[in-house]
Amino acid sequence: MADTKREIERKYESDDSGLPDLTGVGRVAAVLDKGRVELDAIYYDTADERLADASLTLRRRTGGSDAGWHLKFPVAPGVRDEIQAPLSDIVPEEIAALVRSRVRDAELVPVVRLRSARDVRHLVDADGTLLAEASVDAVTAERLAGRGGAAQWTEIEVELADDGDPAFLDLVEKRLRRAGVRPSKSASKLARALEQTSGHRRKKGKPASPVTAGDHVLAYLRAQRDVLVELDPAVRRDVPDSVHRMRVATRRARSTLRTFRSVLDRTVTDSIGAELKWLAGELGVDRDREVMTERLAAALDALPPDLVTGPAPERLAAWAGARRGGTHAHLAGVLDSRRYLTLLDALDALLADPPLRKAGGKRPEKVLRKAVNKDLATLTALVERALDTPHGEERDLAVHEARKKGKRTRYAAEAATPALGKPARSLTRAMKSLTTLLGDHQDSVMTRHTLRELSAVAHAAGENTFTFGVLYGREEARAAQVEAELPGLWKEISSGAAL
């Protein structure tokens with residue numbers, strides 16, 4: 001089973017390679033010599049170094065106290081999440097799954113070997129509590145793939161203790177700088193090894209600024225593809241809100257293909273849009289469970305104690321737990337499926353060789369404005385239909401349709417903002433207000449459906465269902481309030497929504 005550790009560290013280099021005395025820095029009362037350890041790590045990547053391009057590192061390391069497989073994800077400068085798995089001869093499946101969205105069908109092969117002789121020091125306070133670990137690493141790097149190559153260097157590394165205050169590292173750095181120690185130019189040992197053994201620094205080229213309508217649409221679509229790939233490991237690890245964010249990126253990508261059909265040839269994009277719809281639906285199973293669980297738990301907590309009768313809290317907890325385990329396992333299977341990986345490949349292919357129509361080569365203002373206003377016109381008709389529909393199930397469906405079109409209009413305005421500026425930003429904000437309100441209505445509809453299910457199960461078990469009835473009534477009231485607020489909000493939005 002893989003474990004996760006948040007790693008906060010900084011790397012330095014100096015001409016004399018020495019570690020200055022850090023006693024007295026902040027709360028450092030003593031610097032303890034913990035001896036030398038020999039570390040031997042083999043770094044894995046695809047032949048075209050896809051993990052390195054994404055600033056990910058995957059290694060199999062022996063020596064030291066944490067021998068095993070380590071996969072590191074960048075979180076912020078100097079901050080990484082390290083996924084650890086026990087030592088084995090091949091990449092563990094739980095580790096391989098976390099890089100599958102980038103690796104796809106490519107093989108993970110050894111690319112670099114790093115051997116480090118590490119002199120370790122512990123920085124402790126007056127009580128002996130560890131504040132940070134400082135080490136001096138004499139590193140030998142050997143490239144295992146391609147033309148080969150070798151390099152040697154010495155670096156200083158300072159890693160914050162678990163639950164330590166990152167501000168402490170600022171104090172340490174101030175002391176190191178006074179001693180002539182400089183922050184490393186490389187984010188990791190692997191990055192430095194790849195640079196020095198190949199004879200050139202790895203650089204990520206900046207994409208060209210969008211010029212045509214097609215450029216703007218593709219830039220927005222590319223951003224959503226990148227979010228999908230980046231969030232894949234977080235969804236597999238069940239990181240909070242990751243499913244929701246991935247689902248939103250999926251919907252944004254699909255909406256882009258649908259809204260800008262004058263820019264991208266739908267004979268190519270429709271099949272990709274269908275697969276994006278499928279993925280959004282699969283992600284929605286887990287997301288809907290999250291929303292219902294949070295909403296029902298909050299509603300239950302808000303009830304006065306005398307309105308909570310029978311085992312309603314226990315019934316809700318059992319329902320949430322059963323659905324959580326089942327939906328997450330199902331979603332992990334989706335992300336491992338050939339269908340999902342084929343979808344990622346299809347998005348890559350579309351971005352690499354976009355099926356642009358004539359409008360895609362034109363200046364963006366007129367093309368993008370026309371597409372956004374077309375979505376807005378359809379939304380207007382849907383909102384007016386919802387307002388004219390009597391209260392009940394048909395109105396619920398009409399409001400839901402308006403909400404979906406409102407999201408599509410919002411995403412279209414987002415894509416157009418770099419070209420259209422303030423008017424598109426204003427429309428994006430307006431659509432966010434509208435879809436937030438309509439989203440609360442839809443959540444109420446879904447919550448009432450769930451409450452009917454829970455009540456039926458509880459009744460069949462001979463339990464008191466009064467509390468579920470109270471919650472149902474409150475949800476009806478919330479939906480009615482949204483419906484009462486909608487006419488005023490829509491009047492305000494529609495008066496100046498068109499671009």
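The figures that follow rest on heavy atoms only: side chains count, while hydrogens, waters and symmetry mates do not.
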Peer 1: Can you name the residues that form a side-chain contact (heavy atoms from CB on, under 4.5 Å) with Val482, not counting sequence neighbours?
Peer 2: Leu437, Asp440, His441

Peer 1: Quick check on salt bridge (Lys or Arg N to Asp or Glu O under 4.0 Å): which of Arg102, Arg104, Arg339 does Asp345 satisfy it with?
Peer 2: Arg104

Peer 1: Restricting to side chain to side chain donor-acceptor pair (under 3.5 Å), what partner residues turn up for Glu82, sequence neighbours left out?
Peer 2: Lys72, Gln84

Peer 1: Hey, is Lys189 close enough to Glu157 for a salt bridge, meaning N to O under 4.0 Å?
Peer 2: yes

Peer 1: I'd like to know if the side chain of Arg448 pairs up with that of Tyr472 as donor and acceptor (distance under 3.5 Å, no hydrogens or angles considered).
Peer 2: no

Peer 1: Would you call Lys5 and Glu159 a salt bridge, using N to O less than 4.0 angstrom?
Peer 2: yes

Peer 1: Got Arg60 and Val91 here, is their nearest side-chain heavy-atom distance under 4.5 Å?
Peer 2: no

Peer 1: Is any side-chain heavy atom of Leu51 closer than 4.5 Å to one of Thr57?
Peer 2: no

Peer 1: Does a salt bridge link Glu49 with Arg143, judged by any charged N lying under 4.0 Å from a carboxylate O?
Peer 2: yes

Peer 1: Does Tyr340 have Arg100 sitting over its ring (NZ/CZ under 6.0 Å from centre, angle to axis within 45°)?
Peer 2: no

Peer 1: List, one per line, each side-chain donor-acceptor pair under 3.5 Å for residues 378-390, sequence neighbours excluded.
Peer 2:
from   : atom 1 : to     : atom 2 : distance (Å)
Thr378 : OG1    : Lys374 : O      : 3.2
Thr380 : OG1    : Leu376 : O      : 2.9
Thr389 : OG1    : Arg385 : O      : 2.7

Peer 1: Applying side-chain hydrogen bond (donor to acceptor under 3.5 Å, both in side chains), run through Tyr43 and Arg59 and close with a yes or a no.
Peer 2: CA-CA 4 Å; Tyr43 286 79; Arg59 73 186 179 201; 3.2 Å; yes

Peer 1: What residues form a side-chain contact (heavy atoms from CB on, under 4.5 Å) with Leu169, not counting sequence neighbours?
Peer 2: Ile8, Arg10, Val158, Leu160

Peer 1: Taking 4.0 angstrom as the limit, do Glu173 and Arg177 come out as a salt bridge?
Peer 2: yes

Peer 1: Under a 3.5 Å threshold, yes or no: a donor from one side chain and an acceptor from the other, between Ser186 and Glu195?
Peer 2: yes

Peer 1: One thing to verify: whether Asp170 and Lys174 come together as a salt bridge, which I'm taking to mean a side-chain N less than 4.0 angstrom from a carboxylate O.
Peer 2: no

Peer 1: Taking side chain to side chain donor-acceptor pair (under 3.5 Å) as the test, write out the residues that go with Asp265, two or more places apart.
Peer 2: Thr267

Peer 1: Mind checking ring-ring contact (aromatic ring centres under 6.0 Å, His included) for Trp69 and listing every partner two or more places apart, or none if nothing turns up?
Peer 2: Tyr44

Peer 1: Are any non-hydrogen side-chain atoms of Arg295 and Asp443 less than 4.5 angstrom apart?
Peer 2: yes

Peer 1: Does CD belonging to Glu394 count more than 12 external heavy atoms closer than 6.0 Å?
Peer 2: no

Peer 1: Would you list the pairs meeting side-chain hydrogen bond (donor to acceptor under 3.5 Å, both in side chains) in which at least one residue belongs to residues 486-499, sequence neighbours left out?
Peer 2: none

Peer 1: Who are the side chain to side chain donor-acceptor pair (under 3.5 Å) partners of Asp301, not counting sequence neighbours?
Peer 2: none

Peer 1: Could you pull out all residues at least two apart from Ala412 that satisfy side-chain contact (heavy atoms from CB on, under 4.5 Å)?
Peer 2: Thr259, Phe260, Val372, Asp375

Peer 1: Got a salt bridge between Glu414 and Arg410, using NZ or NE/NH1/NH2 to carboxylate O under 4.0 Å?
Peer 2: yes

Peer 1: For residues 421-430, which side-chain N or O atoms pair as donor and acceptor with protein atoms under 3.5 Å away, sequence neighbours left out?
Peer 2:
from   : atom 1 : to     : atom 2 : distance (Å)
Ser426 : OG     : Lys422 : O      : 3.1
Ser426 : OG     : Arg429 : NH2    : 3.3
Thr428 : OG1    : Ala424 : O      : 2.9

Peer 1: Give every donor-acceptor pair under 3.5 Å between a side-chain atom in residues 222-230 and any protein atom, sequence neighbours left out.
Peer 2:
from   : atom 1 : to     : atom 2 : distance (Å)
Gln224 : NE2    : Tyr220 : O      : 3.3
Arg225 : NH1    : Asp348 : OD1    : 2.7

Peer 1: Determine whether a donor-acceptor pair (N or O, by modelled atom type, separation under 3.5 Å) exists between the side chain of Asn373 and the backbone of Leu499.
Peer 2: yes

Peer 1: Using a strict 4.0 Å threshold on nitrogen-to-oxygen distance, state whether Arg478 and Glu475 make a salt bridge.
Peer 2: yes

Peer 1: Val103 and side chain to side chain contact (heavy atoms under 4.5 Å, CB included): which partner among Leu108, Leu56, Leu58, Asp45?
Peer 2: Leu108

Peer 1: Excluding sequence neighbours, so at least two apart, what forms side chain to side chain donor-acceptor pair (under 3.5 Å) with Arg80?
Peer 2: Glu7, Glu9

Peer 1: Taking salt bridge (Lys or Arg N to Asp or Glu O under 4.0 Å) as the criterion, tell me which of Arg258, Arg261, Lys277 meets it with Asp270.
Peer 2: Arg261

